[in-house]
Amino acid sequence: MSDKKVRVRFAPSPTGGLHLGGVRTVLYNYLFAKHNNGVFILRIEDTDQSRFVPGAEAYIFDCLKWAGLEPDESVIHGGNYGPYRQSERKAQYRQYAEKLIADGYAYYAFDSPEELEKMRIDCKTDQNPSPQYDRFTRSKMRNSLTLSFEEVSKLLSTDTPHVIRIKMPENEVVSFTDMIRGEVSFDTSLVDDKVLMKADGMPTYHLAVVVDDYLMQITHAFRGEEWLPSSPVHILLWKYLFGLNAMPQWAHLPLILGPNGKLSKRDGAKYGFPVFAMNWTDPKTGELTEGFKEKGFLKEAFINLLAVLGWNDGTEQEIFAKEQLIEKFSIERIHSGGARFDYEKAKWFNHEWIKKLPATDYMPEVKQLFEQKGIVITDENKLSKVLELVKERCHLLPDFVQQASFFFSRPDSFDTDAIKPKWNEAKRLFFAEIVRNFELTGLWNAPELEHNFKEIAAANQIKPGEVLLPLRIMLVGGKFGPHVFDIAQILGKEETIARIKLVLSLL
RNA sequence: GGCCCGUUGGUCAAGGGGUUAAGACGCAUCCCUUUCACGGAUGAAUCACGAGUUCGAUUCUCGUACGGGCUACCA
């Protein structure tokens, strides 16, 4: 098993947005595959026709492309183990279910949804609020265990709607070694007879995941912790169908929690942070759920923050590039406890990456943001210089608009209230002199301007600190931004002087 | 209700018998900066509780509590 080529898979169902937990599962699959020179597969689990959502599949691929976590094999990347969409594999599953029946491990069940509902109501007690279709109840239901051979044959030959259920053994202990939590075991008498084949001819997840993992020769299977309770069903299926030796090693990833429990998109809406990788618009309701990308996250930061939400390399390092993650990733260092998502820390990661990366990396996105605000950038060279200058003040990409638009267009308003209380005639005369001096300056650069500015202040017996803030307000509009003479240099002689004059007229 | 998983500062977490119980985010104060940031410094935890094992438990075992997940012809 260990000498086999590593093959892992991410198997989402295309029913909506791709949330944080999903992306992290993709990430861990990807990192594990790359670390081991293995193959990362994306399999679409679309066995539930009633939940089909147009566009969701393409959306998943878009997210992976953005995040830089593209699969090696998939519906669009090809591969020798297709089809990679379960709906297209429909014909393959029935034979395995039939084999299970022939071997006595499964059975036909003809109960209608109404009959199931009735059973649940009838059997419901305070002691047992959610009755299962299990070894107790199956004897009272209409299935090939209770019906005669003739009846079953007749029902089958007349195409009576039916499902196939696994027959959970009594009093067996199913256990396996999870790569993250060690040995986990279950008492089979407490597990219900899960449906394997649905009445519409499609398999359920339980059958499909086992058959497909086998057929696609998956060696390691990562999935969320929410699957742990149904793992005994999968283990048994492996045992009955392909043998435990062929079974992949399981790793049940801890959940990513929201402010209250499992992260939901409602949490995001409520607490003001994204939960999806990219914007997702529900085609039915038209409802838009914001994504990390559109919120202004860099893919490097997004991957980084997800990677360390439940994993660390044992050192103090927190900032990792994808290549480093591939090199250092190991399943042993994944935490077993769930982690609460902290949006403040997520923003910190983004800030770190904004600072770390050259501004030209994200200049196209920022340029677009500027244009959305009506500021057209013609000089990209200037833009990149400006972005470098202000990037340490930006946590999210849209912050650049606030931090840098004054370089390209005059502020709509100037915070003159910050100047007025201490404004006087001496300062007015000082700035008039500054204007004259700046107009005559031949060398337009920050050190020169600062030198002149301070000289003149001294000559007028004004402390530089008293006129620095007014100058800033004149050029920037508010109390923020980089060193004011750096700003003046980039703004250029003409615009700097124009702004000083403009604000002077407002005071 | 039952089953399963988990539990180190508000959050992410290192450490896995003897430590001053790392570090990061956030918060507070200070330094730097005559703006805002960056950077630097400082501050804050009886390791959920109770037993047991041990010379010694945050670390091992068992209980309890709490949190979470599952309990569909959904994944």
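Nothing here was measured: the structure is a model prediction, and the numbers come from that model. Per chain, numbering begins at 1; letters A, B, ... match sequence-line order.
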Could you give the distance from [atom1] ([X]) to [atom2] ([Y]), rounded to the nearest 0.5 Å?
{"X": "Ile166(A)", "Y": "Leu207(A)", "atom1": "CD1", "atom2": "CG", "answer": "8.5 Å"}
{"X": "His234(A)", "Y": "Leu228(A)", "atom1": "NE2", "atom2": "CG", "answer": "10.0 Å"}
{"X": "Asp486(A)", "Y": "Glu450(A)", "atom1": "CG", "atom2": "CD", "answer": "8.5 Å"}

Watson-Crick or G-U wobble partner of [N], both distances under 3.5 Å:
{"N": "rC3(B)", "answer": "rG69(B)"}
{"N": "rA41(B)", "answer": "rU29(B)"}
{"N": "rU34(B)", "answer": "none"}
{"N": "rU64(B)", "answer": "rA48(B)"}
{"N": "rA24(B)", "answer": "rU11(B)"}
{"N": "rG17(B)", "answer": "none"}
{"N": "rU54(B)", "answer": "none"}

Quick one: which of [options] gets closest to the side chain of [X]?
{"X": "His351(A)", "options": "rC38(B), rG68(B), rG10(B)", "result": "rC38(B)"}
{"X": "Lys194(A)", "options": "rC38(B), rU71(B), rC5(B)", "result": "rU71(B)"}
{"X": "Leu469(A)", "options": "rU35(B), rA13(B), rC38(B)", "result": "rU35(B)"}
{"X": "Lys262(A)", "options": "rG39(B), rG69(B), rA75(B)", "result": "rG69(B)"}
{"X": "Ser13(A)", "options": "rU71(B), rA75(B), rC73(B)", "result": "rA75(B)"}
{"X": "Glu344(A)", "options": "rG68(B), rG39(B), rG26(B)", "result": "rG26(B)"}
{"X": "Glu316(A)", "options": "rA22(B), rG15(B), rA37(B)", "result": "rA22(B)"}
{"X": "Leu190(A)", "options": "rU7(B), rG39(B), rG2(B)", "result": "rG2(B)"}
{"X": "Ala339(A)", "options": "rU11(B), rC12(B), rA24(B)", "result": "rC12(B)"}
{"X": "Asn128(A)", "options": "rU34(B), rC38(B), rG1(B)", "result": "rG1(B)"}

Closest nucleotide of RNA chain B for Pro229(A) versus for Gly337(A): which of these residues is on the 5' side? Gly337(A)
Result for 5'-nearest mapping on RNA chain B, choosing between Val163(A) and Arg181(A), is Arg181(A)
Tell me the interatomic distance from [X], atom [atom1], to [N], atom [atom2], rounded to whole angstroms.
{"X": "Lys198(A)", "N": "rC73(B)", "atom1": "NZ", "atom2": "P", "result": "10 Å"}
{"X": "Phe453(A)", "N": "rU34(B)", "atom1": "CZ", "atom2": "P", "result": "13 Å"}
{"X": "Phe186(A)", "N": "rU71(B)", "atom1": "CZ", "atom2": "P", "result": "13 Å"}
{"X": "Gln49(A)", "N": "rC74(B)", "atom1": "CD", "atom2": "C1'", "result": "13 Å"}
{"X": "His335(A)", "N": "rU11(B)", "atom1": "NE2", "atom2": "C1'", "result": "13 Å"}
{"X": "His234(A)", "N": "rC4(B)", "atom1": "NE2", "atom2": "C1'", "result": "13 Å"}
{"X": "Asp178(A)", "N": "rG69(B)", "atom1": "CG", "atom2": "C1'", "result": "14 Å"}
{"X": "Trp348(A)", "N": "rC25(B)", "atom1": "CH2", "atom2": "P", "result": "5 Å"}

Phosphate OP1/OP2 of [N]: any [X] side-chain N/O under 4.0 Å:
{"X": "Arg340(A)", "N": "rG6(B)", "answer": "no"}
{"X": "Asn312(A)", "N": "rA14(B)", "answer": "yes"}
{"X": "Lys355(A)", "N": "rG39(B)", "answer": "yes"}
{"X": "Arg120(A)", "N": "rC73(B)", "answer": "yes"}
{"X": "Thr47(A)", "N": "rA75(B)", "answer": "yes"}

What nucleic acid atoms does [X] come within less than 4.0 Å of, heavy atoms only: base, sugar-phosphate, or nothing?
{"X": "Asp111(A)", "answer": "base"}
{"X": "Val390(A)", "answer": "nothing"}
{"X": "Arg51(A)", "answer": "base"}
{"X": "Leu255(A)", "answer": "sugar-phosphate"}
{"X": "Ser130(A)", "answer": "base"}
{"X": "Val191(A)", "answer": "nothing"}
{"X": "Ser50(A)", "answer": "nothing"}

Charged N to carboxylate O below 4.0 Å: is that the case for Glu388(A) and Lys385(A)? no
Separation of the [atom1] atoms in [N] and [M], to the nearest angstrom:
{"N": "rU61(B)", "M": "rG17(B)", "atom1": "P", "value": "12 Å"}
{"N": "rG63(B)", "M": "rC25(B)", "atom1": "P", "value": "40 Å"}
{"N": "rC27(B)", "M": "rU20(B)", "atom1": "P", "value": "32 Å"}
{"N": "rA14(B)", "M": "rU53(B)", "atom1": "C1'", "value": "26 Å"}
{"N": "rC62(B)", "M": "rA21(B)", "atom1": "P", "value": "27 Å"}
{"N": "rG69(B)", "M": "rG43(B)", "atom1": "C1'", "value": "38 Å"}

Could you tell me whether [X] sits above the aromatic face of [Y], with NZ or CZ closer than 6.0 angstrom to the six-membered ring centre and within 45 degrees of the axis?
{"X": "Lys427(A)", "Y": "Trp423(A)", "answer": "no"}
{"X": "Lys345(A)", "Y": "Trp348(A)", "answer": "yes"}
{"X": "Arg165(A)", "Y": "Tyr133(A)", "answer": "yes"}

Is the Phe273(A) ring parallel, tilted or perpendicular to the Tyr271(A) ring (thresholds 30°, 60°)? parallel
If the plane angle is over 60° it's perpendicular, under 30° parallel, otherwise tilted; pick one for Phe176(A) and Phe186(A).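 Ring orientation, 0 to 90° scale: parallel.
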Which of residues 472-484 of chain A sit near RNA chain B, with a heavy atom under 4.0 Å from it? Arg472(A), Lys479(A), Phe480(A), Gly481(A), Pro482(A), His483(A)
Any idea if rC66(B) is syn or anti, going by the 90°-from-0 cut?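 Anti, which is what one calls it when the glycosidic angle falls more than 90° from 0.
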With no hydrogens and no angle check, just 3.5 Å: does a side-chain donor-acceptor pair link [X] and [Y]?
{"X": "Asp193(A)", "Y": "Tyr107(A)", "result": "yes"}
{"X": "Gln403(A)", "Y": "Lys391(A)", "result": "no"}
{"X": "His252(A)", "Y": "Arg223(A)", "result": "yes"}

For rA24(B), does the base pair up with any side-chain atom of Lys345(A) as donor and acceptor (N or O, under 3.5 Å, distance only)?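 Between rA24(B) and Lys345(A), which were checked side chain against base, a qualifying N/O pair under 3.5 Å is present.
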